[in-house]
Amino acid sequence: MSDLYIVLALLFAAIVMFAIGRPRMDAVALLMIVALPLTGIITVDQALAGFADPNIILIAALFVVGEALVRTGVAKALGDWLVMRSGSSESKLIALLMVVVAGAGAFMSSTGVVAIFVPIVLRIARNARIPAGRLMMPLSIAALLSGMMTLVATAPNLVIHAELQRHGLPGFGFFDFTPFGIPLLVLAVIYMLGARRFLGGETELAESAGRPTLSDFVERYGLEDREYRFHVETGSPLIGRALNEFNLRGSTGINVIAIERTKVFTRELLRPYPQFQLEEGDVVMIDMVRPDLDLDELESLYKFHRLPLAAPYFGDRSQEIGMAEVLLSPDSELVGKTVVASGFRTEHDLSVVGIRRAREVLDGLVADVVLRAGDTLLVIGPWRAIDHLPFHSDDLIVLNTPVEVEDVVPQASRAPYAVAILALTVFLLATNIVPNVLAALIGCLMFGLTRCIDMNSAYESIHWKTLILIVGMLPFSIALEEVGATGLVSQWMLSIVGSGSLSLVLILLFVVTSTLGLFISNTATAVLMAPVAIAMAKALDVSPYPLAMTVALAASAAFITPVSSPVNMLVVGPGGYRFGDFVRIGIPLTLIVLVVTVLLVPIILPF
């Protein structure tokens, strides 16, 4: 009995530390890894067994999958689609936001999904002039509900799945959660459309206020009608020859900004250096400085075919092509030279498309202007070149970069590969052709091979605190079983419901799990309650799956406090929320989840 008291004392201490937030959660987990073996109740190998658990590797791999989707712009594309489809309707925006987030979270970490969507939602709120607090709570709720969609959607599902396997039982299937998640998502959307009026969210969204947009630069420097795109046709004299042989800029006022070349499954934007050789089928993107140039003659001379424009002045390629205003310092070696004579493009991989002097934008050919100290140059080119400006030259001082720089993804051209790899990974996870952890690792390796993500970014994407928390709490389930605590808790819970129906068992299990989740993370809650659910099933001589599913759904229904899940913690600041906001919105929604769970679980997973 003394061992039981020791384990319960350690568990109580961990819960208190989780609740007060000191020390941080992963540090508490490490303390428990050390403390439990010192009691002699479990061995060191048992305490460290979590590090060898395949589900820990699976969770880490899913963080990498999420980062690859961010770096390739797939996640941003979802946000852009969301804005396009919702228009000016706040109700439609909330509904679509929740559906998109829940859908994305079904195949990657819910914490990762929120981390991806927080800046997207802030931008949407800013553009739509909606307080961020009206959107951040629906975001977090949808992310938590995504944990009820698939096996890999959230860590608690995998923890409970692993606990079933540890008891010699088959775990849950990939889509076993979906029949519960979809109706709950529909009800949550309806609920949030009514509850949003309680979320004022007086949040300051002015982190980008005062900064220009790309459109502002285009208007300020009069670039609206200067972009043209030409397709290089068969027989063009430019094919196979270096660009500098034709002196396009000096002879015709053409400034080649970039060349788009079609490759397998993707289009790549290439830098037009002097020795660059065009190929048939290339698309030449140019800035046309001279308004009097005969375009028909140009097309005939170079065998070009003019293409329609999708957006004003390269706006549709803002992921690859950026702009910035830079100031020419008094000591700059560029003073007294023209842009062409200074070799600006060769030196900085950027083109000067506008010059402002004493607040006036200079007209005429930019290439012919003799630069003066204090001139402001508008440069255009790859974002990476703009990023390097402060470190590459003392001649130039970066004054302004547009707000679009915050939305740039580093591997946008790899998006088709990322979508294909994600589909393959989900297929492998869903069909069990290979173990789940191998399916996720195969996806990670393919993301790396296709350059959707590099090794440094992969390591940085892993939420190590979450992994250590899970690893540190897993020994508790072993220790609680060793001292008979899970049996005692299950007997206590069964004594409460007595000889009542099995629905009362599900209600009590849900209430205890969600109540425990008020004080500790939903992952830690799942670690502690999964063995209790299995013990109760054995005592009742029923299938463990309805009880295990109830614990999983209750663990994901962490709506009531900010500390219940990292998902909630991520939206507190951007949403401007207080503790009471979660209580006010979370309690009714938790009751809805409870009712649906008790009604559906016995039907879909019979006892």
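In this text, all values refer to a predicted model and were calculated from it rather than measured experimentally.
Put simply, CD1 on I534 and CD on E163 are 5.0 Å apart, with the number rounded to the nearest 0.5 Å. Put simply, CG on L594 and OG1 on T590 are 9.0 Å apart, with the number rounded to the nearest 0.5 Å. Between atom CG of residue D454 and atom CD of residue E67 there is a gap of 9.0 Å, rounded to the nearest 0.5 Å. The distance from the CD1 atom of I380 to the CG atom of L214 is 8.5 Å, given to the nearest 0.5 Å. Of the inter-residue distances, the one linking M192 atom CE with I94 atom CD1 reads 6.5 Å to the nearest 0.5 angstrom. One distance of note links CD1 of I160 with CD of Q165; it measures 12.5 Å at 0.5 Å rounding.
Smallest separation of non-hydrogen atoms from F177 and T150: CD1-C, 3.9 Å. Nearest heavy atom pair, residue A14 against residue M32, reads CB-SD, 4.1 Å. Minimum heavy-atom separation, M17 to P23: SD-CD, 3.7 Å. Here the shortest heavy-atom pairing between G105 and A153 reads O-CB, 3.2 Å. Across all non-hydrogen atoms, the minimal contact from G322 to I386 is C-CD1, 3.4 Å. Closest heavy-atom contact between L509 and A533: CD2-CB, 3.9 Å.
When ring centroids are compared, Y313 and F217 stay outside the 6.0 Å threshold. For F582 and F559, the ring centers are positioned 6.0 Å apart or more.
Residues Y545 and F172 form a side-chain contact, since some pair of their non-hydrogen atoms from C-beta on lies under 4.5 Å apart. Between E325 and Y221, the closest side-chain pair of non-hydrogen atoms falls below 4.5 Å. Side-chain atoms of L58 and V152, non-hydrogen and from C-beta on, do get closer than 4.5 Å to each other. V595 has its side chain within reach of L599: a pair of non-hydrogen atoms, C-beta onward, lies under 4.5 Å apart. Taking the side chain as every heavy atom from C-beta outward, V593 and M148 approach each other to under 4.5 Å. In this structure the side chain of L547 never reaches within 4.5 angstrom of the side chain of V551, judged on heavy atoms. Inter-residue side-chain proximity for D176 and L151 is flagged as unmet; no heavy-atom pair is nearer than 4.5 Å. Between C452 and M446, the closest side-chain pair of non-hydrogen atoms is not below 4.5 Å.
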| task | Let me see the working for H161 and L164 under side-chain contact (heavy atoms from CB on, under 4.5 Å), right down to the final yes or no. | result | CA-CA 5 Å; H161 170 76; L164 288 168; 5.6 Å; no
| request: Could you walk me through whether L600 and L184 pass side-chain contact (heavy atoms from CB on, under 4.5 Å), step by step? | output: CA-CA 11 Å; L600 288 184; L184 284 170; over 6 Å; no
| request: Just do the side-chain contact (heavy atoms from CB on, under 4.5 Å) check on L506 and L502 with the steps written out, would you? | output: CA-CA 6 Å; L506 298 184; L502 291 173; 5.7 Å; no
| Stepwise side-chain contact (heavy atoms from CB on, under 4.5 Å) test for F180 and M549 | CA-CA 10 Å; F180 305 98; M549 180 61 72; 3.8 Å; yes
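Under the rule for a side-chain hydrogen bond (donor to acceptor under 3.5 Å, both in side chains), S503 has no partner lying at least two apart in sequence or in another chain. Listed by chain and residue number, R584 satisfy the salt bridge (Lys or Arg N to Asp or Glu O under 4.0 Å) test with D581 (two or more places apart in sequence, or in another chain).
Atom CZ of F175 has more than 12 heavy atoms from other residues, nucleotides or ligands within 6.0 Å. By the 6.0 Å contact criterion, CD on E224 is enclosed, its count of non-hydrogen atoms from other residues, nucleotides or ligands being greater than 12.
Side chain of T178 to main chain of M149: a donor-acceptor pair is present (N/O by atom type, distance under 3.5 Å, no hydrogens or angles). In terms of modelled atom types and a separation under 3.5 Å, the side chain of S556 and the main chain of L553 share no donor-acceptor contact. With hydrogens and angles disregarded, a donor-acceptor distance shorter than 3.5 Å links the side chain of R196 to the backbone of L193.
Side chains of R414 and T450: a donor-acceptor N/O pair is absent below 3.5 angstrom, by distance only. Side-chain contact check for T154 and N157: no donor-acceptor pair (N or O, by modelled atom type) lies under 3.5 Å.
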